[in-house]
Amino acid sequence: MVFTKLSLVISSLLVLHFSPLFTIFSFAATTEENQVREAGALLEWKASLENQSQASLSSWRRGVSHCNWKEIICDKSNFVTTINVANHGLKGTLHTLNFSSFPNLLTLDVSNNSFSDTIPHQIGNLSKVSQLIMNNNNFSGPIPISLTKLATLKILNFNYNSLSGPLPEEIAELRNLERLLFESNHLSGTIPPTIGRMSNLVELDFQLNSINGTIHPSIGNLTNLKFLRLQQNYLSGSIPYFLGDMTNLIVLEIDQNRLTGPIPPHIGNLTKMVNLTLAANMLSGPIPPSLGNLVNLMALEISRNNLSGVIPSTLGNLTNPIFFVVQENKLEGRLPPGMNNFTNLKNLQLSDNSFTGPLPQQICLGGSLVFFTAKENHFTGPVPKSLKNCSTLVRLRLDGNQLSGNISDEFGVYPLLNYISLSRNNFYGSISPNWAKCPNLSSLIMPNNNLSGSIPPELSQAPVLEELILSKNHLTGKIPKELGKLTSLLKLSVSNNELSGTIPTEIGAMSSLDTLELSSNNLVGAIPKQLGELFKLLHLNLSNNRLTESIPLEFGRLQSLQSLDLSVNLLNGEIPSALASMQRLETLNLSHNNLSGVIPSNFKDDLTKVDISSNQLEGPIPNTRAFLNASFDALKDNKGLCGNVSGLVPCSSSRNGKVKINVTMLALVLTFGALLLVALVVGVLLCIRYRRATESKKEDAKEEKTQEHYAIWSYDGKLVYENIIEATEEFDDKYLIGEGGTSSVYKAKLPTGQIVAVKKLKDAPNEETQDLRAFMTEVKALGEIKHRNIVKSLGYCLHPRYSFLVYEFLEGGSLDKVLIDDTRATMFDWNTRVKVVKGVANALYHMHHGCFPPIIHRDISSKNILIDSEYVARISDFGTAKILNPDSRNLTAFAGTCGYSAPELAYTMEVNEKCDVFSFGVLCLEIMMGNHPGDLISSLFSPSEASSVYNLLLKDVLDQRLPLPVKPVVEEVILIAKITFACLSETPRFRPSMEQVHNHFLMPESSSLNSLSIITLAQLVDN
C-alpha cells in the first residue's frame, strides 16, 4: 500500500515537472496537423474547379509549403490568414472548400471570377474572418443565415451577383460590420427593421435590386453612415425626414425608385454632402431653399421628377457643384442670378422644364463647363456671352426655346466641342464658316430657325463631321459641291429651305451617308446617278422639288435603303425594276410625277407602305402586301391600274374591252375542246374518288404537322397560345414594342402575371420561305443555349394562323435605344458599360466554346443586345445564327447588319467564330463612343488614314456625354480599348478568340495578353 502511494506521488511530481514540455509537444503536433489540413483543403478545392481554373493556381502543389503559394498569406505560426484568388478566371463553386480548416482566416477574396451556385452555410465557420469579398461572380440563391454568425466581420461585399430573396433580419447580428454591399443582385422584400442596430456601418449599398417598401426608419440610427446607395429599386413612400439627421452622409443616392412627395427641407442639414441624387422618382413640390446649405455639394441630380416652382436663389451658394441636373421636371420661372457663381461647374442640365427669361450669362465664367443642356424650355434672349469663349465645352443643347440673336456673332471656335443643337429657336443671320475650325465637331444641328444666306463651302473642312442638319430655315444658293469631301458624314438634311440649282454629283462620294434629305427646295435637273454609290444609305428624300428625267437605274444598288421619297417632282419614264430588287425597302413614295408604264412585279415583302398616285401608270399592281393593303388614295389618278384593291377595276375586266374575239378561231377551239372533253371525262371520274381519299389524309397530316410544331417549353402549349392571343387582343398595335422586316415584337401579360415578349412572324408560315427558316433557326438555337447573358426562350408556336416565339421581357429594351437617348446614355455610366461589354463577351464565349457544335450568331449589333432593369446584357435575335459543322466547311449566304459585319464576308461565303469577334469589336467601340464608330473602323483598314487613328487619345474617342472614367474603372476601359482593336483586325486569324477575350477580362494582368495580335494604339490609351 505504501509503495503504491509513493508511486502516485512520484508520478504526480513528474507530471507537474514536465507538463510544459508536454504542452509544447502537443501544440507542435496540433500546429503541424492544422497546416496539413489547411493545405489539403486548398488542394481539394482546387481539384474541384474546372481544368483551366486549376491552371490559374499553378503555385498550389504538393511539396511546396502552402504559405509560399502566391494567393495565400500566413501568420507567424504558418496559419492561413488570407486567401486571395481575385481576378483568376476561376470557375466552380465554394461547396468543396472546407471552411472549418481555416480557424485563423481573416480575409477571403474570390472577387471577379465565375463562381456559381449558392453560398455554403459552412461559411459561418470562419469565426475570425473580417473581410468577405465575393463581388462580380454568379452566386445565386438566398443569403445564408450562417453569415450572420461572423461577429468579427467588417466588410461584406457581394456586389454584382445573382443572390435572391430578402435580406435576413439576423444581418443585424453583424455589429462590427462597416461596409454592407449587395449592389446588382436580385434581392427582394423590404429593408429589415433590425438594420438600425448595425451602428458601425459606414457604407450601405443595395442599389440595382428589387427591394420594395419604404426607407425604414431604423436607418436613421446609423449615425456613422457616410455612403447610402439605394438607387434602382422599387422603394415607395416619401423621402423620410430622419435622413436630415444623418449628418455624416457624404453620398445619398436614392434615384430611380418610386418615391413620392416633396424633398424634405431637412436634407439641408447634411452639410458634408458631396453627391445628392434623387432623380427618376415621382417627387413633387418645390426645391427646398435649404439645399443651398450644402456648401460641399459637387453633384445635384434631381431630374425626371414632377418638381415645380422656381429654382431657389439660395442654390447660388453652391460654389463647388460639378454636376447640376434638374431636367425633366415642371420647374418654371427665371433662373437665380447666383448660378453665375458656379465657377467649378462641368455639367449643367436644365432641359425639359418651363424655365423663362434669359440663360445665366456667366455660366462658363470659371472656364470648366463641359456639358450644358437647356433644351425644351421657354428661355429667351441671347446666348450667354461666356459661352463664346468657353474652350472646355464638349456638348451644348439649347434646342426648343425662344433664344434669339445673330448666329454668326453668338458663338466662337471650340477645340473640344463634339455636339451642338440649336434647333427650334429664333436665331437669324448666316452660318459661320468658323464651325469648320472646331476639330472635334461631329454634330452641327440648327434646323427650325430663321437662318439665311448660303451654306458655307468651308464646312467641308470639318474633319469629323457626322451630322449636318440645317432644315426648315431660309437658306438660299446652291448646295456646295465641296460637301462631297465629308466622307464621315452620316446625316445631311437641308430640307425646307430655298436652295436652288442641281444636286451636286459630288454627294455620291459621301460614302458613310445613311440619311440624305433635300426635300422642299427649288432643286432642278436630273437626279445624279452617283447617288447610287451611297451604299450605306437608309433614308433618301428628294421630294417637293422640280427634278426631271427618269429615276436612275443605279438606285438598284442601294440595298440598305429603307425609305425612298421622290414625290412631287417632274420625273418621267418607267419605274426601274431595280427599285423592286431593293432588299430592305419599307416605304416608297413616287406620287405626283409623270411616271408611266407598268409597275415592276418583283417588289419584296419588306415593303410595307407605298404611294404611286398621280402618275401615268397602267396595268396590274404587284401581288405584294404593300400594294394589296394600299388605300385607294395611294393608287388613284393613274392611267389604267387594275387589281384586287378597293377602287380599282379587276384586271380581267379591264382587258375584256380591248380583246377582239375571232369567231372562227373560237369555233375551232370549241370543237377541239369537245374532243378533249370526251377523253378527259373518264379520267376525271377515276380521279375523283382518289382525290377524296387523299384530301382527307392531307388534312389529317396537316393537323398532325401543326401539332408537332406546337411547343411551349415551360407551359401547356394550347393554353399559352390562347393566353397570348387574348393578352395581345390578337396582336393589336397597342401592344407592339418593336418591328422588323419579317417579324413584330409584342408585350404580353399572361394570366399568371408574368410579362413576356412575343416575336410574331408577319406572314403565315410556309416551309419554302427564308423567313420560316430563320424562325426555326432561332427556335433551335435558343432551345440549345442556356446562359445568363442570352435571352431566355420560353417556347414557340408554329401555327397556320399565328406563328410566334415567346421569350423573357426585358424592360431596359435594346442597347441602341439606350445609346441614342441622351438622358439614358448619361445614366449608362462607365461601370455599367464595362458590365455590358463583359456580359456580351461571356455569352459569345459560351456560344463559341461552351456549346458543341459551336453556335455563331452572325448579327451581333446594338439592336440585338437587350438589357434588363439592372443593365445585365442579353444577346437576342438568333434568326441568322449558324450551328457549325465541325467536319466540313461552313458556307452560307451573307447575313448580318451593315456596319457590324466582318470585312471578309464581302468576298467569302465561309463563316466561323471570327465573324462574331469582329462584330463584338464594333459593338464594344459603339458602347465606349456612344454611337456607331463607322468611319473610325474604315480608317483602320486604310493605309492612308490609319496614321490619324494612332494620333487619337482615348479621352477624345469616349462618349462625350459622360465624364472621363477614373480609377478603378478607367483601367477596365483601357483594357476594353485594347481588346476592341484586336477584335477589329482586318485579317481573321489575327483576331483573338472569344476564349482569349474572356480570359483577358478575367486576368487583365496576365502576361499572355501580349500573345494577342493587338493594335496597341499607345497614344489612344494615354491620358
Side-chain angles (χ1 to χ4, degrees), residues 178-181 183 191 195-196 199-207 215-217 219-233 235 238-257 259 261-281 283 285-305 307 311-327 329 331 336 338-339 341-350 366 368 826-827 829 963 966:
E178 296 175 359
R179 301 177 67 195
L180 179 59
L181 311 176
E183 177 182 349
I191 299 173
I195 202 164
S199 57
N200 287 311
L201 271 184
V202 174
E203 182 175 6
L204 179 61
D205 189 347
F206 290 158
Q207 62 178 308
I215 300 175
H216 199 274
I219 288 181
N221 298 327
L222 305 179
T223 55
N224 290 313
L225 203 63
K226 294 182 179 180
F227 304 91
L228 178 58
R229 296 185 173 96
L230 303 175
Q231 67 261 47
Q232 296 192 54
N233 279 284
L235 296 172
S238 59
I239 298 176
Y241 280 74
F242 65 74
L243 289 179
D245 298 327
M246 302 175 69
T247 54
N248 284 312
L249 275 177
I250 296 174
V251 173
L252 175 59
E253 297 176 346
I254 52 178
D255 52 298
Q256 300 186 67
N257 280 285
L259 300 174
I263 299 174
H266 295 66
I267 296 292
N269 298 335
L270 306 177
T271 55
K272 296 180 182 179
M273 186 69 67
V274 173
N275 184 355
L276 176 59
T277 305
L278 311 176
N281 281 287
L283 302 176
I287 299 174
S290 60
L291 291 189
N293 299 332
L294 307 182
V295 292
N296 291 303
L297 200 65
M298 300 181 70
L300 174 62
E301 234 284 30
I302 53 178
S303 62
R304 290 180 290 159
N305 281 289
L307 300 175
I311 295 180
S313 60
T314 55
L315 292 194
N317 301 331
L318 306 178
T319 56
N320 295 313
I322 294 176
F323 294 89
F324 187 92
V325 186
V326 298
Q327 62 187 9
N329 281 288
L331 300 169
M339 292 185 69
N341 300 324
F342 290 179
T343 54
N344 294 318
L345 191 63
K346 291 185 178 181
N347 190 334
L348 176 60
Q349 307 283 330
L350 306 172
S368 301
T826 303
M827 302 302 296
D829 60 24
V966 296

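Positions are given from 1, in the same order as the sequence printed here.
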Can you list the steps and then say if Met273 with Leu249 is a side-chain contact (heavy atoms from CB on, under 4.5 Å)?
CA-CA 6 Å; Met273 186 69 67; Leu249 275 177; 4.0 Å; yes
How far apart are the C-alpha atoms of Met246 and Ile219, what are their side-chain angles, what is the distance that settles it, and do they pass the side-chain contact (heavy atoms from CB on, under 4.5 Å) test?
CA-CA 9 Å; Met246 302 175 69; Ile219 288 181; 4.0 Å; yes
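With values rounded to the nearest 0.5 angstrom, Leu278 atom CG is found 8.0 Å from Leu291 atom CG. Distance CG/Leu180 to CG/Leu222: 10.0 Å, rounded to 0.5 Å. Taking OG of Ser303 as the start and CG of Leu350 as the end, the distance is 11.0 Å to the nearest 0.5 Å. The line from CG of Asn221 to CG of Leu201 is 11.5 Å long, rounded to the nearest 0.5 Å. Here the CZ-CG distance, from Phe323 to Leu348, works out to 12.0 Å after rounding to the nearest 0.5 Å.
Leu259 has its side chain within reach of Leu283: a pair of non-hydrogen atoms, C-beta onward, lies under 4.5 Å apart. Contact check for Leu204 versus Ile195: side-chain heavy atoms found under the 4.5 Å cut-off. No side-chain heavy atom of Ile215 sits less than 4.5 Å from a side-chain heavy atom of Ile239. Contact check for Leu228 versus Leu243: side-chain heavy atoms found under the 4.5 Å cut-off. With contacts defined as side-chain heavy-atom distances shorter than 4.5 Å, the pair Arg304/Met827 qualifies.
Between the side chain of Asp255 and the main chain of Glu301, no donor-acceptor pair closer than 3.5 Å is present.
For residues 287-299, the set of pairs meeting the side chain to side chain donor-acceptor pair (under 3.5 Å) definition, not counting sequence neighbours, is empty. Residue pairs meeting the salt bridge (charged side-chain N to carboxylate O under 4.0 Å, His left out) criterion with at least one member in residues 240-254, sequence neighbours excluded, are Arg229-Glu253.
Here the shortest heavy-atom pairing between Ile254 and Asn281 reads O-ND2, 3.2 Å. Here the closest heavy-atom approach between residue Gln232 and residue Asn257 is recorded as N-ND2, 3.8 Å. Closest approach of Asn224 to Asn248, counting heavy atoms only: CA-ND2, 4.2 Å. When all heavy atoms of Asn329 and Leu307 are compared, the pair lying nearest together is OD1-N, 3.0 Å. In plain terms, the two heavy atoms of Leu297 and Asn275 that are nearest each other are CD1-N, 4.0 Å. Scanning all heavy atoms of the two residues, the minimum distance from Pro240 to Pro264 falls at O-CG, 4.2 Å.
There is a side-chain donor-acceptor pair under 3.5 Å between Glu183 and Gln207.
Qualifying side chain to side chain contact (heavy atoms under 4.5 Å, CB included) partners for Pro312, counting only residues two or more places apart in sequence or in other chains: Ile287, Pro289, Thr314, Leu315. Scored by the side chain to side chain contact (heavy atoms under 4.5 Å, CB included) test, Asn269 finds His266 as partners (sequence neighbours excluded). Evaluation of the side chain to side chain contact (heavy atoms under 4.5 Å, CB included) rule for Pro286 yields no partner, not counting sequence neighbours. Remark: Val274 engages Ile250, Met298 in a side chain to side chain contact (heavy atoms under 4.5 Å, CB included) (not counting sequence neighbours).
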